[in-house]
K.L.:
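Take this structure first; my questions come after.
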Amino acid sequence: MSDVYCKVADRYDAVTDVISLWMNKPWKQRFVQQIQAKPGDKMLDVAGGTCEVAKRYLQYQDSVNNDQTSSVHVVDFNKNMLLVGQRRLAGSDWIRNGRITFAQGNAEDLRDVPDNSVDIYCISAGMHNLPHPEKALSEAYRVLRPGGKFACLEYGHTEGMVIGAVSRWYWDNVVPVLGQLLANDRASYERLARSVRTFPSQQQFAQAIRNAGFHLPGKGYELYQWGMMVAYIGSKKV
C-alpha cells in the first residue's frame with residue numbers, strides 16, 4: 001500500500017478528508033483526547049508521517065496539561081509522508097525544542113526503538129496497510145513501558161445491516177472514483193478500499209490486540225460513526 005502514499009503524499013490528508021466526509025480531523029481530535037496523556041509522556045507515532053496526530057498530541061499536552069516536556073517520535077515507512085509532516089511543522093517551537101523527531105521505519109520491525117522506552121504507542125489508519133499486523137502489535141508491546149498506553153485508530157466495519165451495506169457500496173464504488181477525481185489515481189484507491197474492506201472486524205482485531213498481551217477494557221473498542229472508524233485504547237500489563 002505504500003505506493004498510494006508515495007503518489008499522493010502532498011494531497012493525502014485533503015483526499016482523506018473528503019473520503020471520510022470531513023470527519024477525519026474530528027475523529028483524530030477525539031482519539032487524542034481519549035488517550036488522556038500525562039505530562040512528560042513520550043509518544044511513538046507510527047505511520048504518522050503527516051503529523052495530524054502528533055500535532056494534536058502536542059497541542060493537547062500544551063493546552064490541557066500545560067506541559068512542555070512531553071515529546072513525540074514520528075515513524076513512517078514512506079519518506080514522502082515524513083517530508084510533508086516536517087514541512088508542516090517547520091519553524092514550530094516543537095521542532096526548535098526537540099519535542100518532535102522523525103525517522104523512516106517499518107511498523108513491523110521497529111529495530112531503532114529500544115525495549116520498554118515509550119509511554120504511548122500510537123498508530124492511526126496504519127494497521128490496515130500492513131501485511132502482518134500481528135508483527136506490529138508485537139513490536140508495540142516490546143517498545144512500550146509496562147503500564148504504557150496502546151492507542152490505535154483504524155477503519156472499521158460499520159454495524160447494522162443497512163449502514164453496513166451502504167458502507168461496503170461506498171468503499172467499493174465511491175472511494176475509487178474520488179481517488180481518480182482528487183488524486184488522478186483510481187487504481188491505488190481501489191487497493192486502499194480492498195485493504196480496508198478485508199481488514200479484520202473490530203471484534204477480531206480487539207482479540208488480536210489482547211493476544212499480543214495488551215489489556216483492553218470492556219469490549220475492547222469504541223465505534224466512531226457506527227464503525228466507520230474504531231478506536232482501540234488499552235495498556236501494556238505491568
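One is the number of the first residue; the rest follow in order along the sequence.
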K.L.:
Are the side chains of Met228 and Trp27 in touch, meaning some heavy atoms are under 4.5 Å apart?
P.N.:
yes
K.L.:
Is a side-chain N or O of Asn24 found less than 3.5 angstrom from the main chain of Ser20, in a donor-acceptor match?
P.N.:
no
K.L.:
Begin with the C-alpha distance, continue with both residues' side-chain angles, and end with the deciding distance and a verdict on side chain to side chain contact (heavy atoms under 4.5 Å, CB included) for Ile35 and Tyr57.
P.N.:
CA-CA 9 Å; Ile35 292 173; Tyr57 166 74; 5.8 Å; no
K.L.:
Can a donor-acceptor pair be found, under 3.5 Å and without considering hydrogens, that links the side chain of Ser138 to the backbone of Glu134?
P.N.:
no
K.L.:
Assess the side chains of Asp13 and Thr50: does a donor N or O sit below 3.5 Å from an acceptor N or O?
P.N.:
yes
K.L.:
Taking only Lys NZ, Arg NE, NH1 and NH2, and the carboxylate oxygens of Asp or Glu, determine whether Arg191 and Asp185 approach each other closer than 4.0 Å.
P.N.:
no
K.L.:
With rounding to the nearest 0.5 Å, note down the distance linking CH2 in Trp94 to CG in Asn97.
P.N.:
11.5 Å
K.L.:
Quick one, Leu182 with Tyr189, criterion side chain to side chain contact (heavy atoms under 4.5 Å, CB included). Give me CA distance, side-chain angles, the key distance, then yes/no.
P.N.:
CA-CA 11 Å; Leu182 300 175; Tyr189 279 88; over 6 Å; no
K.L.:
Whether the side chain of Asp41 engages the backbone of Lys38 through a donor-acceptor N/O pair (distance < 3.5 Å, no angle test) should be reported.
P.N.:
yes
K.L.:
If you look at every heavy atom in Ala231 and Gln34, which pair is closest and at what distance?
P.N.:
CB-OE1, 4.3 Å
K.L.:
Assess the pair Phe205 and Tyr232: is the distance between their ring centroids shorter than 6.0 Å?
P.N.:
yes
K.L.:
Considering all heavy atoms of both residues, which atom of Cys122 and which atom of Phe31 are nearest to each other, and what is their separation?
P.N.:
SG-CE2, 3.6 Å
K.L.:
Rounded to the nearest 0.5 Å, what's the gap from CD1 on Ile100 to CE on Met43? Could you check?
P.N.:
10.5 Å
K.L.:
With no hydrogens and no angle check, is any side-chain donor or acceptor of Asn65 less than 3.5 Å from a backbone partner on Tyr60?
P.N.:
no
K.L.:
Just verifying a value: how many Å separate Lys55 NZ and Asp45 CG, rounded to the nearest 0.5 Å?
P.N.:
12.5 Å
K.L.:
Should the pair Arg30-Glu222 be classified as a salt bridge under the 4.0 Å nitrogen-to-oxygen rule?
P.N.:
yes
K.L.:
Determine, using the 4.5 Å side-chain heavy-atom cutoff (strictly less than), whether Met229 and Val174 are members of one ILVMFWY cluster.
P.N.:
yes
K.L.:
Can you check salt bridge (charged side-chain N to carboxylate O under 4.0 Å, His left out) on Glu52 and Arg88, steps first, answer last?
P.N.:
CA-CA 10 Å; Glu52 284 295 306; Arg88 285 181 177 176; 3.1 Å; yes
K.L.:
I need the minimum non-hydrogen distance between Val74 and Gly48, along with the two atoms involved.
P.N.:
CG1-O, 3.3 Å
K.L.:
Considering all heavy atoms of both residues, which atom of Ser117 and which atom of Lys42 are nearest to each other, and what is their separation?
P.N.:
O-CD, 3.7 Å
K.L.:
Any side-chain heavy-atom pair from His157 and Arg197 closer than 4.5 angstrom?
P.N.:
no
K.L.:
Can you hop from Tyr224 to Val196 via hydrophobic side chains spaced under 4.5 Å?
P.N.:
yes
K.L.:
Would you call Asp119 and Arg145 a salt bridge, using N to O less than 4.0 angstrom?
P.N.:
yes
K.L.:
Using a 4.5 Å cut-off on heavy atoms from C-beta on, say whether the side chain of Asn78 contacts that of Gln104.
P.N.:
no
K.L.:
Decide side chain to side chain contact (heavy atoms under 4.5 Å, CB included) for Ile95 and Phe102; before the verdict, give the C-alpha distance in whole Å, the side-chain angles of both, and the deciding distance to 0.1 Å.
P.N.:
CA-CA 10 Å; Ile95 294 282; Phe102 302 87; 3.7 Å; yes
K.L.:
Please report the interatomic distance CG(Leu178) to CD1(Ile19), rounded to the nearest 0.5 Å.
P.N.:
6.0 Å
K.L.:
Is Lys25 atom NZ crowded by more than 12 heavy atoms from other residues, nucleotides or ligands, each under 6.0 Å away?
P.N.:
yes
K.L.:
Side chains of His215 and Ser235: do they bring a donor and an acceptor to under 3.5 Å?
P.N.:
no
K.L.:
Find out if a path of hydrophobic residues (ILVMFWY) with successive side-chain heavy-atom gaps under 4.5 Å connects Ile163 to Trp171.
P.N.:
no
K.L.:
Are Phe199 and Tyr155 an aromatic pair, judged by ring center distance below 6.0 Å?
P.N.:
no
K.L.:
Does the side chain of Glu108 come within less than 4.5 Å of Glu139's, by heavy atoms?
P.N.:
no
K.L.:
Closest heavy-atom contact between Lys28 and Ser124?
P.N.:
CE-OG, 3.5 Å
K.L.:
Consider only side-chain heavy atoms of I, L, V, M, F, W and Y, link residues closer than 4.5 Å, and tell whether Ile120 and Leu153 are in one cluster.
P.N.:
yes
K.L.:
Heavy atoms, side chains only, cut-off 4.5 Å: are Met127 and Leu137 in contact?
P.N.:
yes
K.L.:
Can you tell me how far the OH atom of Tyr12 sits from the CG atom of Asp17, to the nearest 0.5 Å?
P.N.:
10.0 Å
K.L.:
Got a donor-acceptor contact below 3.5 angstrom from the Arg210 side chain to the Leu216 backbone?
P.N.:
yes
K.L.:
Met81 and Asp76: side chain to side chain contact (heavy atoms under 4.5 Å, CB included), yes or no, with the steps?
P.N.:
CA-CA 7 Å; Met81 297 286 278; Asp76 202 295; 4.1 Å; yes
K.L.:
May I ask you to check if Lys236 and Phe150 form a cation-pi contact, with NZ or CZ under 6.0 angstrom from the six-membered ring centre and within 45° of the axis?
P.N.:
no
K.L.:
Knowing that exactly one of Pro200, Ser195, Pro133 qualifies, which makes a side-chain contact (heavy atoms from CB on, under 4.5 Å) with His128?
P.N.:
Ser195
K.L.:
Transitively linked via ILVMFWY side-chain contacts under 4.5 Å: Tyr221 with Val53?
P.N.:
no
K.L.:
Would you say the side chain of Phe214 lies within less than 4.5 Å of the side chain of Ile233, judging by non-hydrogen atoms?
P.N.:
no
K.L.:
Could you tell me if the side chain of Leu44 sits less than 4.5 Å from the side chain of Val113, heavy atoms only?
P.N.:
yes
K.L.:
Can you see which heavy atom on Gly85 is nearest to which on Cys51, and at what distance?
P.N.:
CA-SG, 3.8 Å
K.L.:
What's the separation between atom CG in Asp67 and atom CG in Asp62, rounded to the nearest 0.5 Å?
P.N.:
7.5 Å
K.L.:
So, are Lys135 and Asp109 salt-bridged, with charged N and O less than 4.0 Å apart?
P.N.:
no
K.L.:
Are the side chains of Arg99 and Ser70 in touch, meaning some heavy atoms are under 4.5 Å apart?
P.N.:
yes
